[in-house]
2 protein chains.
Amino acid sequence: MDTRLLRTLQVLARTGSFTATATELHVVQSTVTTHIKLLERHLGARLFDRLPSGAKPTEAGERVLAAAQEVLAAEQRLLDTVQGTPAVAGDVRLGAPESMCAYRLPTIIADLALRWPGVTVHLTPVGTRRALDAVHDGGLDLALVLEDDPPSTTLDATPVGSERIDLVAAPNHPDTGRYFLLEEGCSYTDRFARDLADAHPTRFGSIEAARSCVVAGLGLSVLPRVSVADQLADGTLRCVAELPESTLFLVTDPRRTASAAVRVACQALKALSD
Amino acid sequence: MDTRLLRTLQVLARTGSFTATATELHVVQSTVTTHIKLLERHLGARLFDRLPSGAKPTEAGERVLAAAQEVLAAEQRLLDTVQGTPAVAGDVRLGAPESMCAYRLPTIIADLALRWPGVTVHLTPVGTRRALDAVHDGGLDLALVLEDDPPSTTLDATPVGSERIDLVAAPNHPDTGRYFLLEEGCSYTDRFARDLADAHPTRFGSIEAARSCVVAGLGLSVLPRVSVADQLADGTLRCVAELPESTLFLVTDPRRTASAAVRVACQALKALSD
DNA sequence: ACCCACTATCGATAACATCGATCCATGGAC
DNA sequence: GTCCATGGATCGATGTTATCGATAGTGGGT
């Protein structure tokens, strides 16, 4: 059923005139006749008495008219629904490297929660590979990945910052030949590990754990500078070499329409580069 | 807006598949695509993400979907409205000759009120001419008129009984040459008055008044037998002559659709002939 | 690397809504 | 009483559009 028919019904009930209704709706009079006749045939009841004094709703017409008001009101609410600014509320599932989770994202997420009380961010530490998979299949709304180049997938990846990577050791400790690296899935660690000839690095799932080993003089590690900045400043650690800078990409799935909550989260994360 | 689009939206949200939706709605898949695209263009928002795993409503889609449920529910109520038996309730404006008002209709209307508690009958004593005019311009829903022939108007007149008309006088009183007749507008009285050569009859608006004068031996009157049946039986009055029988017509306006209340009143009145 | 399932697109066709003109009924004026 | 004006119903023509059927393109699974 076309709601225009109901609109014609409504106007005709108000004006009582087919001609006036046609004028008001910018159609010709025969169209109004057709509309009402269609409704009457579809509903199987006469809706108006055509009297010389004007069209007057029948008993059935009065009832249909009341119901039509409801339908049109519901339709109007539907239109308003899409017009009105959607409430910025809901969950945002964000994946990020552990270094980001620990050192940069907490303040960003705290600010976000302050500005948008309805938004809840669920932060998951996750490496590049699993992050891309999760964004792809909907397990995550957003992901931050630390890579040299944009990942070659169907996903969107926009650079939002960069991360210095340092090869660090304890001061006054010679190179023991032992390495304490992060788990696989961390791109810069993996790249470094491939370049290590036959060494068998110890792998940790925690930045804190790897760093502690290095601080204790047990060996070397490859860590984002942000995670060792304090130690480099107070001399607890020293930078043996600077590895190539990695770029931080914000990854989204272009096939998925971002909710308002996800959009504000995106915006906040893109401000990382400032 | 066509509500079929909303139905398509609804089914697609449930099935998540354009093809399955098409099958369920007995259309081809491209039609479903067109429907959703029309909605999205009309509303100016993407409603579904087309993912390999199926179509999933966006945030806007979820809100539109909820609103669409309301619209479809309202439309369903509209359809139900016209299907459901209308409540037999409301006013019935009935006009009738004074004789009917006084002697026959009271029991009929009382029965009606008993059978249909929601129906209120407004009974007005009215002559043929004014009755026809009132039915014609909507002042009355129904009218009973006492005539020899169906009135030649655009109105419907169905015979529902007949009325014996008597020329009555008091027993043992000679014809004084004086007549106590009802007011103009009473057809049988008017016809009788035309046949009276030069006599100047007294006109009363009340049957009771005219009859009382006759009982008192002041002259003659022309009255429906039902109004003098008691007096004829106990000898208070005698029948001088029987005038031609008049037919009682139930008059309605065919251009007006009768409400349920009017219809039950009509049925009750047509049972007069039994 | 191939195949399969699914959706978007496009051209053709048929259906339908709208229009414009005309007919008809009614009511009022002269 | 006849005439005229008003307003709705009807009908044929026309333009739009919804639907179909076929095809291309995409991504996933084997």
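When reading the values below, keep in mind they use all heavy atoms of this one structure, side chains included, and skip hydrogens, waters and symmetry mates. Every chain is numbered from 1 and lettered A, B, ... according to where its sequence line falls, protein lines coming before strand lines.
- In this structure, the CZ atom of B:Arg41 is 10 Å from the P atom of D:dT17, given to the nearest Å.
- Taking side-chain N and O atoms only, B:Thr19 has no distance below 4.0 Å to OP1 or OP2 of C:dC6.
- Taking the charged nitrogens against the carboxylate oxygens, A:Asp49 and B:Arg255 have no contact shorter than 4.0 Å, which rules out a salt bridge.
- Within the structure, a side-chain polar atom (N or O) of A:Lys37 is placed less than 4.0 Å from OP1 or OP2 of D:dT10.
- The phosphate of D:dA9 has OP1 or OP2 within less than 4.0 Å of a side-chain N or O from A:Arg50.
- Atoms CD1 (B:Ile36) and P (C:dC6) sit 17 Å apart, rounded to a whole Å.
- A:Asp253 places its CG atom 14 Å from the C1' atom of D:dG28, with the value rounded to the nearest Å.
- A close approach under 4.0 Å does not occur between any side-chain nitrogen or oxygen of B:Thr33 and OP1 or OP2 of C:dT7.
- Among the heavy atoms of the strands, none lies under 4.0 Å from B:Ser53.
- Across the protein-nucleic acid pair, A:Leu38 atom CG and C:dT18 atom C1' stand 12 Å apart, rounded to whole Å.
- Ionic pairing of A:Arg7 and A:Glu75 is present here: one or more N-O contacts between side-chain nitrogen and carboxylate oxygen are shorter than 4.0 angstrom.
- Nearest-nucleotide assignment on DNA chain C puts the 5′-proximal partner with B:Phe18, out of B:Phe18 and A:Val28.
- Using a 4.0 Å cut-off, some side-chain N or O of A:His35 falls inside it from OP1 or OP2 of C:dT18.
- Donor-acceptor pairing under 3.5 Å is lacking for the side chains of B:Ser99 and B:Glu163.
- Between the side chains of A:Thr33 and A:Gln29, at least one donor N or O sits under 3.5 Å from an acceptor N or O.
- Place A:Pro52 and A:Thr34 on DNA chain D by their nearest nucleotides, and A:Pro52 ends up nearer the 5' end.
- Between the C1' atom of D:dG7 and the NZ atom of A:Lys56 lies a distance of 19 Å, rounded to the nearest Å.
- Atom-to-atom distance recorded for A:Leu47:CG and B:Thr257:OG1 is 9.0 Å, nearest 0.5 angstrom.
- For the pair B:Leu5 CG and D:dT19 C1', the interatomic distance rounds to 13 Å; values are reported in whole Å.
- A residue-by-residue look at B:Gln29 and B:Arg255 shows that B:Gln29 has its nearest nucleotide of DNA chain C further toward the 5' end.
- Residue contacts shown for B:Val32 are absent, as no nucleic acid heavy atom lies under 4.0 Å away.
- The side chain of B:His136 places no N or O atom within less than 4.0 Å of a non-bridging phosphate oxygen (OP1 or OP2) of C:dT26.
- Side-chain polar atoms of A:Thr15 and A:Glu24 form no donor-acceptor pair below 3.5 angstrom.
- At a cut-off of 3.5 angstrom, counting only N and O atoms as typed in the model, there is a donor on one side and an acceptor on the other between the side-chain of A:Ser30 and the base of C:dG20.
- Per the geometry, CG belonging to B:Leu39 stands 14 Å off C1' belonging to D:dA18, to the nearest Å.
- Atom-to-atom, CG of B:Asp2 to P of C:dC16 comes out at 13 Å; the value is rounded to the nearest Å.
- Between A:Arg4 and C:dC16 there is no side-chain N or O to OP1 or OP2 distance below 4.0 Å.
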